[in-house]
Amino acid sequence: MNTNALSMSARGQARRAARSRALDVGARAGFVARGVIYLLVGILALRIGFSDGGGKQADRGGAIAEIAEKPFGNVLLWALGIALAGMALWRLSEAAFGQAGPDGDKATKRAMAAGRFVFYAFVSYSVISYAAGDKGSGSGSSDKQTDDVTARALEWPGGPWIVGIAGAVVAGAGLWIALRALARKYHKHLKMAEMSKRVRQAVDVVGVFGGTVRGVVFATAGGFAIAAAVQHEPGRAKGMDDTLRSFAETPAGPWLLVLVALGLAAFGLFSWANARWRKV
């Protein structure tokens, strides 16, 4: 009886270990995929900064379309979608069982992990759908989608309040992302002790710069949503592409967009650093 119990316990531990390894691989593959998308969005934004971008969208849809045009692009999209699904499953496990670290069981952290699961599950689905032949899925214009959603929401009872609150949440999340990057809060999630001094310095450069710029982009998009709610004009809300193009319309001209583009590319590199040194 004891022998059977020990055997069952050993098999259970082996299954848990296998699941843990699978989630580890999935999470790291997801960080690689996220890095690819941000790096491509940064490159597309750079093209816009130096020219008109050749009609390309500097958003997730533009990145997907860019990959699809390359040799073996469809194969790469399948790999990207599957990797993002791995990221989604890892976030789901964090929501269900808690994150790594002493405070990983906090309800707020689990709720945030659940939100990230929904986001990455949606992105994975859109990429895989595009790779499977639904060309209107992953590469749709984020600007048109934002306009359509905002217009419908503004027609609801209390619509301006709903859009305004949603914009405030996005803007607040962007500021939170930027401040955490500036404070280097990501250190607690990375295996910093395993990095050499030069690697730590490089990770801090792309982590602080990339994370701050990413937060500023989110905060700016949230600000446009608030403006759309206040003025009751759906066109005031902007997707990623129009948000990035708006930086070129400031007194700093296209050079501010170039700086933002470099920041998004840096966040892509930071995502790859997470793929190597993240505590999963």
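In this chain, residues are counted from 1 in sequence order.
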Just verifying a value: how many Å separate [X] [atom1] and [Y] [atom2], rounded to the nearest 0.5 Å?
{"X": "Thr150", "Y": "Glu233", "atom1": "OG1", "atom2": "CD", "answer": "12.0 Å"}
{"X": "Met87", "Y": "Tyr120", "atom1": "CE", "atom2": "OH", "answer": "4.5 Å"}
{"X": "Phe122", "Y": "Ser126", "atom1": "CZ", "atom2": "OG", "answer": "5.0 Å"}
{"X": "Leu89", "Y": "Leu23", "atom1": "CG", "atom2": "CG", "answer": "7.0 Å"}
{"X": "Asn74", "Y": "Glu69", "atom1": "CG", "atom2": "CD", "answer": "13.0 Å"}
{"X": "Leu244", "Y": "Leu256", "atom1": "CG", "atom2": "CG", "answer": "10.5 Å"}

Determine, for [X] against [Y], whether the closest basic-nitrogen to carboxylate-oxygen distance falls under 4.0 angstrom.
{"X": "Glu66", "Y": "Arg47", "answer": "yes"}
{"X": "Glu94", "Y": "Arg91", "answer": "yes"}
{"X": "Glu249", "Y": "Arg245", "answer": "no"}

Report yes if the side chains of Arg276 and Glu194 come closer than 4.5 Å at any heavy-atom pair, otherwise no. yes
ILVMFWY cluster, [X] and [Y] together (side-chain gap under 4.5 Å):
{"X": "Leu269", "Y": "Val199", "value": "yes"}
{"X": "Leu80", "Y": "Ile128", "value": "no"}
{"X": "Trp78", "Y": "Tyr130", "value": "no"}
{"X": "Phe247", "Y": "Ile226", "value": "no"}
{"X": "Val280", "Y": "Met192", "value": "yes"}

Minimum heavy-atom separation for [X] to [Y], with atom names?
{"X": "Leu154", "Y": "Ala229", "result": "CD2-CA, 4.3 Å"}
{"X": "Ala114", "Y": "Ala95", "result": "N-CB, 3.7 Å"}
{"X": "Gly49", "Y": "Pro254", "result": "O-CB, 3.2 Å"}
{"X": "Ala261", "Y": "Ala45", "result": "CB-CB, 3.5 Å"}
{"X": "Val41", "Y": "Ala63", "result": "CG2-CB, 4.3 Å"}

Do the side chain of [X] and the main chain of [Y] share a donor and acceptor less than 3.5 angstrom apart?
{"X": "Arg214", "Y": "Phe267", "result": "no"}
{"X": "Thr220", "Y": "Val216", "result": "yes"}
{"X": "Arg278", "Y": "Leu190", "result": "no"}
{"X": "Ser246", "Y": "Thr243", "result": "yes"}
{"X": "Thr212", "Y": "Phe209", "result": "no"}

So does Lys197 have more than 12 non-hydrogen atoms from other groups sitting under 6.0 Å from NZ? no
Please check if the distance between the ring centroids of Trp90 and Phe31 is under 6.0 Å. yes
Which other residues end up in the same hydrophobic cluster as Trp161, if Ile, Leu, Val, Met, Phe, Trp and Tyr are linked when side-chain heavy atoms come under 4.5 Å apart? none
Scan the side chains in residues 168-189 for donor-acceptor partners under 3.5 Å anywhere in the protein, sequence neighbours excluded, and list what turns up.
from   : atom 1 : to     : atom 2 : distance (Å)
Arg184 : NH1    : Asp204 : OD2    : 3.3
Tyr186 : OH     : Asp204 : OD1    : 2.5
His187 : NE2    : Asp204 : OD1    : 2.8

Non-neighbouring partners of Leu39 that pass side-chain contact (heavy atoms from CB on, under 4.5 Å), sequence neighbours left out: Ile43, Ala265, Trp272
